[in-house]
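Reckoned from all heavy atoms, side chains included, excluding hydrogens, waters and symmetry mates. One-based numbering, in listed order, for ligands and for the atoms of each.
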Amino acid sequence: MNKKWEELNIFLHEDVKRAIKSFKFPTMTPVQAATIPLLLGKKDVAAQAVTGSGKTLAFLIPLLELLKRHGDDDKWKPHQVAAIVISPTRELALQTHSVLAQFLKHIKGLTNVLLVGGNNVDDDIRNINENGCNIIICTPGRLEDLLTNQQHKLNLPQAVKTLELLILDEADRLLDLGFKSTIDNILNYLPKQRRTGLFSATQTKELEVLIRAGLRNPVSIMVTEKASQSTPIALQNFYITTKNNGKLATLLSFLEGENVQKALLFMPTCACVDYWSSVLPHLFNSVPTFAIHGKMKEKRKKVLADFKHAEKGLLICTDVLARGIDIPQVDWVVQWDPPASAAAFVHRIGRTARQGHQGSAVILLYESEEAYIDFIQRNQKVEVTNILNPATEEKVSSLLSKLREMQMADRDLFDKGTRAFVSHIRSYSKHECSLLLRVNELPLAAMAASYGLLQLPKMPELKNKDLSEFPVISDFDINKIAYKSKVREEQRKLKLDIFKETGKWPIKRRQIHNKQSEAWSKAKEQKEVKRLKRLKRKQAKKEQQKSEEVDRKRKSVLSEEEMAELAKDIALIKKLKKKKISSEEFDKEMGLE
Ligand SMILES: Nc1ncnc2c1ncn2[C@@H]1O[C@H](COP(=O)(O)OP(=O)(O)OP(=O)(O)O)[C@@H](O)[C@H]1O
């Protein structure tokens, strides 16, 4: 039975209590009940608790109380750094920052800042200077940049000297090799005299890693809902063994059969997300599809917000969303294939069945991968039950032909499909348990067919393999597949020209550019010729007009002699008028006699 907040029996500031009440949670979760007193008791903590068990509040509440207590003696100056929370992804940092914002509606006197990649660094610096940074919620790369890059003229290394608490959220991810140099670099700037808390659903046990993180005689907390299980009790776990060329058919039959409302579909690579998010909407319309991966720039934040607020949807994503993301309405997590690490398996499925909600997860496996189930059950104490493959042969073959038709109609899909397949195979070799999950045992030819490929890509993994499961399309010229985009199609034709002329595909952009500029120069020459011709015609016309004008003028303009003659006549007329000369003299002078 979860304890009531009042049973915490430790002192909390009134505004911290008020902030906790604003969340309207009647009781604490076990990890909150265990961690809050320890962090407030000046202990370093390594807390492991199942996904969705409230670890965010478990570190934000003591963080805020610690800062309030220090502030009692002497108020925090706005630009003193008091606490730092590091998250492995910008989405998770953003999520933690929005939970913090809810607390700070009730807790005054503390400044805060969100520092994540993808935002403009200058805006971050302006934000820190203008609004202060008592509490920093960040991703490792951005914090390291602001600490180390002197150009920013931001004396953050000085500001962090007052740090009281460092939290590493998803700590095992932050302390693994991927972030090692960045985290080590950051830790070098932080005072050793501080509290440190590590939080994750899959904590590292290696003591030297904990010590590297600056923990001194840490208290380790392990909170599971069931001793023999590291995932929420409410989470039901399944796996389906798919036909070698039928993974897509299994996926769609499953999603339709289960009437899935709001689901995450984890893909191994960004290219797989790109490809499947391009084709799935044409094959599956029970719910709208969304797509997020780590290489996307601006759209990530909006797509996640749209998915969170959507009544139903399928979010196709990479492991950028595997950890921490809290969307209580997610009712299913689907894994296209085994994740790179066993820990990632626990985090992915932990996106559902969060804190009292029901939820289920399913992973799609080839027969050659079934040993993975036994491994994950032992290694991560996760129970997984087999369910029958709902896909029929008809569904498999109809989807394969639909995919091929789509690729034939749009070269962009043809490219994406090939890139997705190649990236999937390449990522496979990076599995943590590569002894179990071997590329050589994959049904590569059938997999290529299930991606709707029209031809097998040239890749070493396919060498000397039995490719009979790949249905070859006879007398089909791949070069006839066109891009829908005119510009890209023109580029492709240029490449084709280079290939025809040189027998080699232009690898370097320069070659295409040269060809392009050559073509353009030809077009330019033709254009220039036309322009010159037009100019010449214009000139000729102008000359013609000019000469006509001159003629006309000539005809209309008196010559000099005529002018002199005229002036003489005018003078005579004037003399006649003044009776200076007689009319006979006038006639004589004018030659009128
Ligand atoms: N005391 C509580 N009672 C009920 N729900 C809570 C409580 N504390 C937090 N929650 C809710 O539980 C959900 C999961 O919380 P949180 O995201 O912090 O879990 P987590 O342990 O960090 O999960 P993960 O390991 O996936 O990061 C959130 O929606 C949060 O609002």
Side-chain angles (χ1 to χ4, degrees), residues 1-8 12 16-17 19-37 39 45-64 85-103 137 167-174 197-204 221-225 229-235 262 264 266 304 308 317 319-331 333 339 343-359 361 380 382:
M1 182 64 181
N2 288 353
K3 289 184 182 168
K4 291 193 176 315
W5 293 99
E6 297 69 32
E7 295 176 63
L8 256 179
L12 288 177
V16 175
K17 283 197 263 191
I20 293 171
K21 280 203 177 61
S22 72
F23 285 84
K24 299 187 175 45
F25 296 137
T27 59
M28 291 180 282
T29 64
V31 69
Q32 289 163 2
T35 315
I36 295 172
L39 275 175
V45 173
Q48 175 172 342
V50 295
T51 50
S53 59
K55 290 189 286 298
T56 309
L57 265 61
F59 60 72
L60 282 183
I61 291 171
L63 179 151
L64 290 158
V85 178
I86 305 179
S87 300
T89 64
R90 59 181 81 161
E91 283 78 10
L92 185 49
L94 188 65
Q95 179 179 284
T96 304
H97 188 252
S98 58
V99 177
L100 174 68
Q102 199 171 326
F103 274 102
I137 311 287
I167 298 292
L168 297 186
D169 192 12
E170 306 301 339
D172 55 323
R173 176 75 182 92
L174 288 173
L198 307 185
F199 289 77
S200 178
T202 53
Q203 199 59 279
T204 177
I221 295 176
M222 163 83 88
V223 180
T224 55
E225 297 175 355
Q229 194 173 321
S230 67
T231 52
I233 292 174
L235 175 56
K262 196 150 187 177
L264 294 183
F266 282 101
L304 187 59
K308 273 184 178 173
C317 59
D319 280 345
V320 72
L321 297 189
R323 287 175 175 256
I325 297 306
D326 182 54
I327 308 175
Q329 301 77 13
V330 168
D331 55 356
V333 167
F345 184 96
V346 170
H347 286 278
R348 281 179 168 187
I349 62 178
R351 293 317 98 211
T352 187
R354 297 176 68 74
Q355 197 45 39
H357 291 80
Q358 289 305 312
Q380 292 294 324
V382 181

Only pairs under 3.5 Å count here: list side-chain donor-acceptor contacts from residues 50-58, not counting sequence neighbours, and write none if there are none.
residue, atom, partner, partner atom, Å
Ser53, OG, Val50, O, 2.6
Lys55, NZ, Ala49, O, 2.9
Lys55, NZ, Val50, O, 3.0

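Among residues two or more places apart in sequence or in another chain, the side chain to side chain contact (heavy atoms under 4.5 Å, CB included) test is passed with Ala353 by Ala234, Leu235. Residues forming a ring-ring contact (aromatic ring centres under 6.0 Å, His included) with Phe266 (at least two apart in sequence, or on another chain): none.
Using modelled atom types, no side-chain atom of Glu91 and backbone atom of Leu304 make a donor-acceptor pair closer than 3.5 Å. Of the possible donor and acceptor atoms, none in the side chain of Gln358 sits under 3.5 Å from a partner among the backbone N and O of Asp331. Between the side chain of Gln48 and the backbone N or O of Gln203 there is at least one donor-acceptor pair closer than 3.5 Å.
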Pairs under 3.5 Å, nitrogen or oxygen of ligand 1 with protein nitrogen or oxygen:
residue, atom, partner, partner atom, Å
ligand 1, 1 (N), Thr27, O, 2.8
ligand 1, 1 (N), Gln32, OE1, 3.0
ligand 1, 8 (N), Gln32, NE2, 2.9
ligand 1, 17 (O), Arg354, NH2, 2.9
ligand 1, 18 (O), Lys55, N, 3.4
ligand 1, 18 (O), Thr56, N, 3.0
ligand 1, 18 (O), Thr56, OG1, 2.7
ligand 1, 19 (O), Gly54, N, 3.2
ligand 1, 19 (O), Arg354, NH2, 3.4
ligand 1, 21 (O), Ser53, N, 3.1
ligand 1, 21 (O), Gly54, N, 3.2
ligand 1, 21 (O), Lys55, N, 3.1
ligand 1, 21 (O), Lys55, NZ, 2.7
ligand 1, 23 (O), Gly52, N, 2.8
ligand 1, 23 (O), Arg354, NH2, 3.0
ligand 1, 25 (O), Lys55, NZ, 2.7
ligand 1, 26 (O), Arg351, NH1, 2.8
ligand 1, 26 (O), Arg351, NH2, 2.7
ligand 1, 26 (O), Arg354, NH1, 2.8
ligand 1, 26 (O), Arg354, NH2, 3.3
ligand 1, 27 (O), Glu170, OE2, 3.3
ligand 1, 29 (O), Asp326, OD1, 3.4
ligand 1, 29 (O), Asp326, OD2, 2.6

